[in-house]
Trainee: 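Take this structure first; my questions come after.
No hydrogens, no waters, no symmetry mates; every other heavy atom, side chains included, goes into these values. Naming: A, B, ... by sequence-line order, numbering from 1 per chain.
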2 protein chains.
Amino acid sequence: MSRTTDFESKITIAEVARAAGVSPMTVSRVLNGRGGASAETSERVLSAANQLNYRPNPFARGLRSDRSKTIGFLVPDITNPFFPEIIRGAEDAANAAGYNLLLSNVVESSKREAELIDAFLIHRVDGIIVCSPRLPDSALHKALAPHRAAVLINREAPKDVAGTIMTDYEYGASQAINHLVERGRRNIAIIAGPRNSYGGKCRLLGIGKTLAEHDMKAPEPVYCDPTVAGGRTAAERLLAAITGLDALVCYNDLNAVGAMQACRAAGIAVPHQMALIGFDDIPIAELMSPALTTLRVHKREMGEAAVRLLLSRMMTKNKQHGVVIEPELMVRETT
Amino acid sequence: MSRTTDFESKITIAEVARAAGVSPMTVSRVLNGRGGASAETSERVLSAANQLNYRPNPFARGLRSDRSKTIGFLVPDITNPFFPEIIRGAEDAANAAGYNLLLSNVVESSKREAELIDAFLIHRVDGIIVCSPRLPDSALHKALAPHRAAVLINREAPKDVAGTIMTDYEYGASQAINHLVERGRRNIAIIAGPRNSYGGKCRLLGIGKTLAEHDMKAPEPVYCDPTVAGGRTAAERLLAAITGLDALVCYNDLNAVGAMQACRAAGIAVPHQMALIGFDDIPIAELMSPALTTLRVHKREMGEAAVRLLLSRMMTKNKQHGVVIEPELMVRETT
DNA sequence: GGAATAAACGATAACGATAACGTTCCACGG
DNA sequence: CCGTGGAACGTTATCGTTATCGTTTATTCC
């Protein structure tokens with residue numbers, strides 16, 4: 001009956017109360033399971049609420065409780081296939097706990113990042129999750145401070161500033177290097193992604209250490225946007241500058257796709273003359289040909305873990321710090 | 001100063017009023033640009049609000065106005081690369097108008113779709129946008145009814161139920177067929193995507209008409225999930241059932257990628273023995289090799305148009321109906 | 001100069017939910 | 001029989017903002 005549906009949204013707790021023959025307060029108690037109502041009264045209230053299709057007004061609730069049941073979720077670029085999976089995981093975990101996600105994209109500058117973290121304040125989100133922030137530490141901590149709770153994904157922060165869900169990029173990078181060395185590669189270069197990426201620094205650290213264990217050394221890494229185009233130009237520069245390269249470790253899979261394009265354009269066979277390895281394991285990695293060897297990041301799990309950690313930090317005073325998740329080497333056809 | 005930031009969120013209009021030496025009402029008027037305040041008073045109020053870093057409380061505002069400045073946005077699956085671009089466009093347009101997106105994923109059944117449309121009601125969104133709904137007409141209209149405004153993307157509805165942003169799939173399909181015929185393909189089969197997709201029906205219509213113009217006819221289309229896996233199994237079934245096929249028109253690019261895999265597995269050369277054409281032009285279409293010929297859908301523009309249409313329908317009583325956007329044939333290497 | 005008029009502002013009362021505190025009523029022990 | 005305690009409710013006040021209506025002051029015109 002669309003006639004009733006049209007009025008649904010106007011039902012208040014007072015009307016439910018009237019229908020059930022009790023006071024609004026009793027309805028509130030019953031609906032929030034606070035006790036203090038007899039079994040039969042509860043019954044009456046519940047059925048009245050059901051009948052009228054009552055929905056508590058979130059504005060009124062929020063006004064009293066100063067809780068929105070909403071989590072702000074900030075990603076650099078939803079168009080990058082790395083992030084939707086994380087969002088999915090986060091959304092599932094949030095919904096399961098009765099929370100919703102308010103999503104925002106950064107896209108441009110790190111200034112914009114601070115603005116958006118700030119904008120969440122206006123919406124009175126109960127907490128925020130920020131994916132791969134690029135802001136320098138001090139600015140990031142300052143932006144996070146006014147929020148009641150915060151969790152970072154792929155970035156570390158002091159325990160009292162934010163919780164942290166980290167991929168162990170250092171270990172992943174180490175696996176990548178060992179794998180390449182096993183395959184007999186000796187001249188490995190690095191496409192390093194954005195200069196101010198925390199995860200990027202971790203990768204570089206792991207790469208450096210592991211190369212050293214093999215008494216090897218890579219040329220100066222080339223920084224670039226974390227996109228296909230960024231990867232291609234970075235690879236072009238490396239190929240032009242250095243001869244004899246036989247492997248490229250890329251910041252992420254999109255960069256690796258770009259590197260593959262550059263190789264193809266230069267007539268370099270992958271993996272025969274050049275090995276390619278990426279990070280993330282986005283869907284295209286498996287679909288391209290040759291299929292991309294990459295370090296799978298458990299995106300969905302990270303999203304879920306982030307929400308769970310945030311909720312726990314929202315509820316309790318002794319803040320848990322975080323979780324480290326190991327990436328997994330997916331050996332395919334480019335190495 | 002993190003000390004002040006910690007208190008920011010507690011500043012109310014009354015404190016701004018006190019700081020400016022006026023009443024809360026005057027502050028409200030100034031901040032909402034309603035006039036009725038002298039220039040110097042406005043000045044004082046503005047600077048006091050600024051100084052204290054005042055942010056109006058959205059709960060209180062919503063409680064009075066029953067407006068949330070939020071738009072519910074429902075997509076089937078954010079993990080499908082078709083949708084993030086639409087979301088980007090929508091988000092940009094929404095932010096520009098001072099609105100935010102509340103995002104939800106359907107993922108599973110069409111029952112879930114109805115539930116989620118309904119769940120937006122709880123959040124008192126000012127309007128909703130639903131991408132590619134799969135619900136049957138009657139159920140969809142019923143779910144939409146209680147909302148103050150609604151816009152559908154790639155689905156039609158009566159003007160008073162919802163606004164509509166459509167891709168002209170029928171025309172696109174027609175282009176696809178003409179292109180294949182020009183290239184000398186005669187035995188064209190269809191991978192049709194989900195059976196209850198409205199856009200799918202439009203494609204089928206265009207395909208049927210255009211084939212008829214060439215005195216041709218396609219075998220029974222095969223329905224499948226709009227995913228890589230769905231496309232592969234559909235293609236396998238077609239290849240097994242029908243001999244002499246020389247072209248496959250796919251519901252979307254993901255299906256086409258799956259079809260390509262099936263061809264490769266069956267030792268069929270693309271495009272030499274089999275032409276492949278997709279829909280959407282998601283990023284992978286250009287990146288795969290051979291690069292996929294496809295009908296580009298202007299995703300970003302659609303997201304923007306959807307928000308603009310929704311806002312216009314929210315404001316005025318005489319509802320605009322909608323916009324049709326033409327897809328664009330991108331000829332690449334698979335045809 | 002006085003009245004009419006407009007501009008600038010303030011007091012009050014909602015909006016809907018709920019915490020805090022009262023009230024009523026019944027059961028039970030001394 | 002009274003008093004005590006607790007369960008089951010109801011009343012009131014409050015969250016922050018803003019529409020409505022009043023009040024005050026300044027401005028204009030005859």
Trainee: B/Arg67 CZ to C/dC15 P: how many Å, rounded?
Mentor: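 Those two atoms, CZ and P, are 16 Å apart.
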Trainee: Which part of the nucleic acid, if any, lies within contact of A/Arg29, taking any heavy atom under 4.0 Å across all strands shown: a base, the sugar-phosphate backbone alone, or nothing?
Mentor: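 Base, at least one base heavy atom under 4.0 Å.
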Trainee: Under 4.0 Å, heavy atoms only, any strand: does B/Ser65 hit a base, just the sugar-phosphate, or nothing?
Mentor: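 Contact class for B/Ser65: none.
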Trainee: Distance alone, cut at 3.5 Å: any donor-acceptor contact between the side chains of B/Arg61 and B/Asn32?
Mentor: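 Yes, because at least one side-chain N or O of B/Arg61 sits under 3.5 Å from a partner of the opposite role on B/Asn32.
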Trainee: At 4.0 Å (heavy atoms only), tell me whether A/Arg61 reaches a base, stays on the sugar-phosphate, or touches nothing.
Mentor: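 Sugar-phosphate, no base atom in range.
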Trainee: How long is the line joining CG of B/Leu63 and P of C/dA13, in whole Å?
Mentor: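 About 17 Å, once rounded to whole Å.
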Trainee: I need the CD1-C1' distance between B/Ile13 and D/dT18, as an integer number of Å.
Mentor: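 It is 8 Å, rounded to the nearest whole Å.
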Trainee: Do we see a donor-acceptor contact under 3.5 Å between the side chains of B/Asn100 and B/Thr70?
Mentor: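 No donor-acceptor contact under 3.5 Å links the two side chains.
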Trainee: Kindly indicate whether the side chain of A/Arg55 and the base of C/dG16 share any N or O donor-acceptor pair separated by less than 3.5 Å?
Mentor: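 No, the side chain and the base share no sub-3.5 Å donor-acceptor pair.
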Trainee: Grab the CZ-P distance between B/Arg44 and C/dC9 for me, whole Å please.
Mentor: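 Atom CZ in B/Arg44 sits about 8 Å away from atom P in C/dC9.
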Trainee: Are A/Ile86 and A/Arg300 side-chain neighbours, meaning at least one heavy-atom pair lies under 4.5 Å?
Mentor: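 A side-chain contact is absent here, since even the closest heavy-atom pair is not under 4.5 Å.
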Trainee: Please state whether the phosphate of C/dC9, meaning OP1 or OP2, lies under 4.0 angstrom from any side-chain nitrogen or oxygen of B/Thr41.
Mentor: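 B/Thr41 to C/dC9 OP1/OP2: side-chain N or O found under 4.0 Å.
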Trainee: Could you tell me the separation between the CZ atom of B/Arg34 and the P atom of C/dA8, rounded to a whole number of Å?
Mentor: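 Rounded to the whole Å, the gap is 16 Å.
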Trainee: I'd like to know if the side chain of A/Ser42 and the backbone of A/Ser38 have a donor-acceptor N/O pair within less than 3.5 Å.
Mentor: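 The answer is yes, because a donor-acceptor pair under 3.5 Å joins these two groups.
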Trainee: Measure from the side-chain heavy atoms of A/Ser23 and tell me the nearest of D/dG10, D/dT18, C/dG10.
Mentor: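 Looking only at heavy atoms from C-beta outward on A/Ser23, the closest nucleotide is D/dG10.
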Trainee: Classify the nucleic acid contact of A/Val27 as base, sugar-phosphate or nothing, counting any heavy atom under 4.0 Å across all strands shown.
Mentor: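 Nothing, no heavy atom under 4.0 Å.
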Trainee: Any N or O donor-acceptor pair under 3.5 Å from the base of D/dG16 to the side chain of A/Arg124?
Mentor: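 No, no donor-acceptor pair under 3.5 Å.
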Trainee: Is it the case that A/Gln320 and A/Ser312 place a side-chain donor and acceptor less than 3.5 Å from each other?
Mentor: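 There is such a pair between these side chains.
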Trainee: Tell me: CD of A/Glu43 to P of D/dA8, nearest whole Å?
Mentor: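 Value for this atom pair: 15 Å.
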Trainee: For A/Glu40 and D/dA7, what is the distance between atoms CD and P respectively, to the nearest whole Å?
Mentor: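 So the CD-P distance, A/Glu40 to D/dA7, works out to 16 Å.
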Trainee: Where the side chain of A/Val22 is concerned, which of C/dT18, D/dG10, D/dT17 is the nearest nucleotide?
Mentor: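 Side chain of A/Val22 sits closest to D/dG10.
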Trainee: Quick one: which of C/dA8, C/dA17, D/dC9 gets closest to the side chain of B/Ser38?
Mentor: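 Of the candidates, C/dA8 comes closest.
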Trainee: Taking the minimum atom-to-atom distance to the side chain of A/Arg64, which one of D/dG16, D/dT20, D/dT14 wins?
Mentor: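 It is D/dT14.
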Trainee: Decide yes or no on side-chain hydrogen bond (donor to acceptor under 3.5 Å, both in side chains) for B/Asn154 and B/Thr167, but give the supporting numbers first.
Mentor: CA-CA 6 Å; B/Asn154 285 342; B/Thr167 299; 3.3 Å; yes
Trainee: Which of the following nucleotides, D/dG16, D/dT11, C/dC9, is nearest to the side chain of A/Met25?
Mentor: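 Between D/dG16, D/dT11, C/dC9, the one nearest the side chain of A/Met25 would be D/dT11.
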Trainee: What is the distance, rounded to the nearest whole Å, between atom NZ of B/Lys10 and atom C1' of D/dT17?
Mentor: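 Spelled out: NZ on B/Lys10 to C1' on D/dT17 is 18 Å.
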Trainee: Under 4.0 Å from OP1 or OP2 of C/dA19: is there any side-chain N or O of A/Ser28 that close?
Mentor: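 The answer is no; no side-chain N or O of A/Ser28 sits under 4.0 Å from OP1 or OP2.
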Trainee: Do the side-chain N or O atoms of A/Asn57 get closer than 4.0 angstrom to the phosphate oxygens (OP1, OP2) of C/dC15?
Mentor: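 Answer no for this pair, as no side-chain N or O of A/Asn57 is under 4.0 Å from OP1 or OP2.
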